[in-house]
Amino acid sequence: MSLIVSLPSFAQDVSSGVDEIINREMSIRRIPGVQIAIVQNGKIVLSKSYGVSSVQDNIPVTNTTIFPLNSNTKIFTGVAIMQLVEQGKIKLGAPINTYLDDLPLEWQKITVDQLLIHISGLPDILQLFDPATGNIGPLRTEKAIWEKLKTLPLDFKTGEQFSYNQTNYYLLGKIIEKITGQSFADFFEEKQFKTVPLKHTLFGDSRDVIPHYAPSYSYRNFFDGKRASQDKLINNYYEFPDFSRTSGGLNSTSEDVARWIIALQNGELLQKSSTLDLMWSPGTFNNGTPTDWVRGWGIAKLRKHHKAVGMSGGNRSALLIYPDDRLSVIVLTNLGGSSPEDFIEEIAGCYIPDIIKADPLTYLRKNLQKIGFENAIDFVKKEKKQNPDFNPKESELNNWAYRMMATNQQKEALEIFKLNVYLFPDSWNVYDSYGEILLKTGDKNKAIEMYKKSIQLNSDNENGKKILEQIQNSKN
């Protein structure tokens with residue numbers, strides 16, 4: 001009898017814990033609206049909505065409110081590619097000229113896998129779009145953009161480094177269309193949306209009429225003629241040209257995404273567990289080291305305990321799947337810059353408390369909120385002595401600090417960049433990033449020191465050289 005009584009009590013405690021986290025983060029980050037869903041053991045165990053979807057009309061978020069997924073679209077594209085791999089129609093290691101014609105010579109040997117994990121070195125198609133709205137700008141047509149794109153040089157030798165790039169997923173869309181003989185939108189509809197089914201998932205952007213749609217917002221500084229004003233909430237307008245929507249054009253609800261995850265893990269979208277395992281495995285650089293990205297998924301926490309894979313989009317929506325724990329968390333918001341990837345593992349920890357300690361960033365953040373970010377280095381020193389598995393990654397710390405910079409948490413970001421220098425003293429990039437925040441907070445002398453150290457470690461750091469020259473000229 002006591003067990004029967006305790007189960008609802010546990011669920012209520014968990015729900016209250018989730019509420020506390022969401023309400024705290026909405027307050028700190030000034031997020032108008034949030035929608036979440038939790039999947040546990042193949043079922044949606046929590047679906048909740050908070051705040052307003054439309055600030056101007058005071059319309060509350062409900063479980064049918066549709067949010068832009070932005071780059072979370074890429075995981076649907078990844079699944080589409082893996083469906084074709086499973087059918088034997090695509091080989092991950094095949095060069096893309098196996099499937100596409102009219103490619104520049106230096107593009108032809110880039111593999112499908114290198115597109116999926118962003119190590120192709122291709123020039124980014126976004127540079128040919130309007131940076132303010134995302135529309136196709138003066139070139140006006142896909143054909144004109146394609147012809148211009150082909151004239152641009154590679155950013156780096158294929159397979160040598162990672163660079164997040166929308167061209168990769170544009171080409172994956174073209175491969176899907178070439179192989180299937182149908183548009184990628186129709187292929188997604190047939191093989192994913194109808195299979196699950198997903199009733200509130202569709203392609204579109206600010207130009208499209210989407211029912212129950214949550215407009216997108218962000219905070220911007222404005223200059224009133226005398227000084228910069230405080231951040232002001234503004235409407236965002238954005239476009240995803242139809243031909244590029246494999247990288248960021250989907251909209252959905254947290255419940256739809258939850259159902260899609262359940263179908264994915266139940267073998268309804270991919271028939272073999274080995275295909276799913278392959279998708280959730282890292283690729284490799286030319287030197288054999290593994291990539292941080294797995295195939296189509298940008299968050300890969302491939303640790304000993306509580307392994308997780310996921311994705312974030314538009315700096316405002318995120319999801320994580322814990323395959324071994326049979327747990328998934330989806331958080332959608334209507335605020336660009338809300339960065340729910342910062343607190344999503346804390347939500348997961350409401351269900352499995354050990355997850356918080358398994359993720360160094362979540363554990364670090366939770367403790368620094370209590371003891372102060374200025375104690376970051378001391379805390380990490382102590383924790384590393386007590387727990388040999390506590391090894392924050394350079395890239396994760398760096399990305400977290402930049403997200404804090406974007407939300408005007410400059411002091412906190414400064415301490416994390418400083419921590420990264422302490423942990424990774426042989427990395428040129430940590431000194432470059434630390435120099436950037438020092439410059440932003442007014443410490444030019446220290447910034448010069450950091451940029452010099454960065455260039456000493458990497459003589460090819462041209463951006464660092466340029467900034468260092470600008471600082472020194474401004475002091476003369």
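Everything numeric in this text was worked out from a predicted model, so none of it was measured.
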Any donor-acceptor N/O pair, Lys301 side chain to Ala308 backbone, under 3.5 Å: no

Pair Trp107, Asn97: side-chain N/O donor-acceptor within cut-off below 3.5 Å: no

Shortest non-hydrogen contact from Met311 to Trp297? SD-C, 4.1 Å

Output yes when Lys194 and Glu190 qualify as a salt bridge under the 4.0 Å nitrogen-oxygen rule, no when they do not. no

Between Tyr217 and Gln56, is any side-chain donor less than 3.5 angstrom from a side-chain acceptor? yes

Quick check for you: to the nearest 0.5 Å, what is the distance between Ile81 atom CD1 and Leu92 atom CG? 8.5 Å

Any side-chain heavy-atom pair from Ile36 and Tyr50 closer than 4.5 angstrom? yes

How many angstroms lie between OG in Ser53 and CG in Leu332, if you round to the nearest 0.5 Å? 12.5 Å

Heavy-atom side-chain proximity of Leu69 to Val257 below 4.5 angstrom: yes

Determine the minimum heavy-atom distance between Thr73 and Arg245, stating which atoms define it. CG2-O, 3.3 Å

State, with a plain yes or no, whether a side-chain heavy atom of Ile175 is found less than 4.5 Å away from one of Ile90. yes

Using a strict 4.0 Å threshold on nitrogen-to-oxygen distance, state whether Lys272 and Asp277 make a salt bridge. no

Do the side chains of Gln192 and Phe76 get nearer than 4.5 Å, heavy atoms only? yes

Report, as yes or no, whether the 6.0 Å neighbourhood of atom CD on Glu147 holds more than 12 heavy atoms from other residues, nucleotides or ligands. yes

Distance to the ring centre below 6.0 angstrom and angle to the axis at most 45 degrees; does that hold for Arg30 and Tyr219? yes

Distance check, rounded to the nearest 0.5 Å: Ser338 atom OG versus Ile28 atom CD1? 12.5 Å

So, does Ser254 use its side chain to make a donor-acceptor pair with the main chain of Ile330 at under 3.5 Å? no

Will you find, in the side chains of Thr133 and Asn135, an N or O donor that is under 3.5 Å from an N or O acceptor? yes

Evaluate the side chain to side chain contact (heavy atoms under 4.5 Å, CB included) criterion for residues Ile299 and Val309: first the C-alpha distance (whole Å), next the side-chain angles of each, then the deciding distance (0.1 Å), finally the verdict. CA-CA 5 Å; Ile299 302 175; Val309 293; over 6 Å; no

Output every pair passing side-chain hydrogen bond (donor to acceptor under 3.5 Å, both in side chains) with a member in residues 159-176, not counting sequence neighbours, ordered by first then second residue. Ser71-Tyr164, Lys74-Tyr164, Lys74-Gln166, His118-Asn168, Ser120-Asn168, Glu142-Tyr170, Glu142-Lys174, Glu160-Asn286, Asn165-Thr167, Gln166-Ser247

Ion pair Lys191/Glu86, N-O distance below 4.0 Å: no

Can you give me the closest heavy-atom contact between Ile96 and Val112, atom names plus distance? CG2-N, 3.9 Å

Between Gln35 and Thr253 (side chain of the first, backbone of the second, donor and acceptor by atom type, cut-off under 3.5 Å), is there such a pair? no

Decide if atom NZ of Lys150 counts as having more than 12 heavy atoms of other residues, nucleotides or ligands within a radius under 6.0 Å. yes

Can you find a pair of side-chain heavy atoms, one from Val18 and one from Ile21, that are under 4.5 Å apart? no

Return the orientation label for the Phe203 and Phe193 ring planes: parallel under 30°, perpendicular over 60°, tilted otherwise. tilted

Is a side-chain donor-acceptor pair under 3.5 Å present for Glu436 with Tyr402? yes

Flag for Asn72-Ser317: side-chain donor and acceptor within less than 3.5 Å: yes

As an exercise, state the distance from CG of Leu233 to OG of Ser218, rounded to the nearest 0.5 Å. 7.5 Å

Show the numbers, then the answer: is there a side chain to side chain donor-acceptor pair (under 3.5 Å) between Asp325 and His306? CA-CA 7 Å; Asp325 297 301; His306 308 295; 2.9 Å; yes

Expected output: side-chain Asn461 to main-chain Gly464 donor-acceptor under 3.5 Å: yes

No-hydrogen, no-angle side-chain donor-acceptor test under 3.5 Å, Asn287 and Thr289: yes

Could you tell me which non-hydrogen atom of Tyr322 sits nearest to which non-hydrogen atom of Ala348, and how far apart they are? OH-CB, 3.4 Å

Under 4.0 Å between a side-chain nitrogen and a carboxylate oxygen: does that hold for Arg365 and Asp342? no

Using atom types as modelled and distance alone, determine if a side-chain donor or acceptor of Asp208 lies under 3.5 Å from a backbone N or O of Asp205. yes

Between Lys307 and Asp359 (salt bridge meaning N to carboxylate O under 4.0 Å), is one present in this structure? no

Tell me whether Glu346 contacts the main-chain N or O of Phe343 through its side chain, where contact means a donor paired with an acceptor under 3.5 Å. no

Flag the pair Glu255 and Arg259 as a salt bridge only when some basic side-chain nitrogen lies within less than 4.0 angstrom of an acidic carboxylate oxygen. yes

Would a line drawn from the ring center of Tyr213 to the ring center of Phe67 be shorter than 6.0 Å? no

Where the side chain of Arg295 meets the backbone of Leu116, is there a donor-acceptor pair that is under 3.5 Å apart? no

Go through the side-chain N and O atoms of Asn70 and Arg316 and say whether any donor and acceptor fall under 3.5 Å apart. yes

What's the shortest heavy-atom distance between Pro32 and Leu335, and which atoms? CD-CB, 3.9 Å

Can you check whether Phe184's main-chain N or O pairs, donor with acceptor, with Glu177's side chain at less than 3.5 Å? yes

Under a 3.5 Å distance rule, please check whether Asn420 uses its side chain to pair with a backbone N or O of Glu394 as donor and acceptor. yes

Test your reading of the model: is there a side-chain donor-acceptor pair from Ser244 to the backbone of Phe240, 3.5 Å cut-off? no

Going from CD1 on Ile355 to CD1 on Ile347, what distance comes out if it is rounded to the nearest 0.5 angstrom? 11.5 Å

From the options Thr201, Thr64, Asn251, Asn63, select the one residue that forms a side chain to side chain donor-acceptor pair (under 3.5 Å) with Asp256. Thr201

Decide yes or no for Asn315 and Arg403: does some side-chain heavy atom of the first lie under 4.5 Å from some side-chain heavy atom of the second? yes

Validation row: Trp280, Met82 side chains within 4.5 angstrom (heavy atoms): no

Nearest-0.5 Å distance that lies between atom OG1 in Thr275 and atom CG in Leu269: 12.0 Å

Under a 4.5 Å cut-off applied to non-hydrogen side-chain atoms, are Ile38 and Leu327 in contact? yes

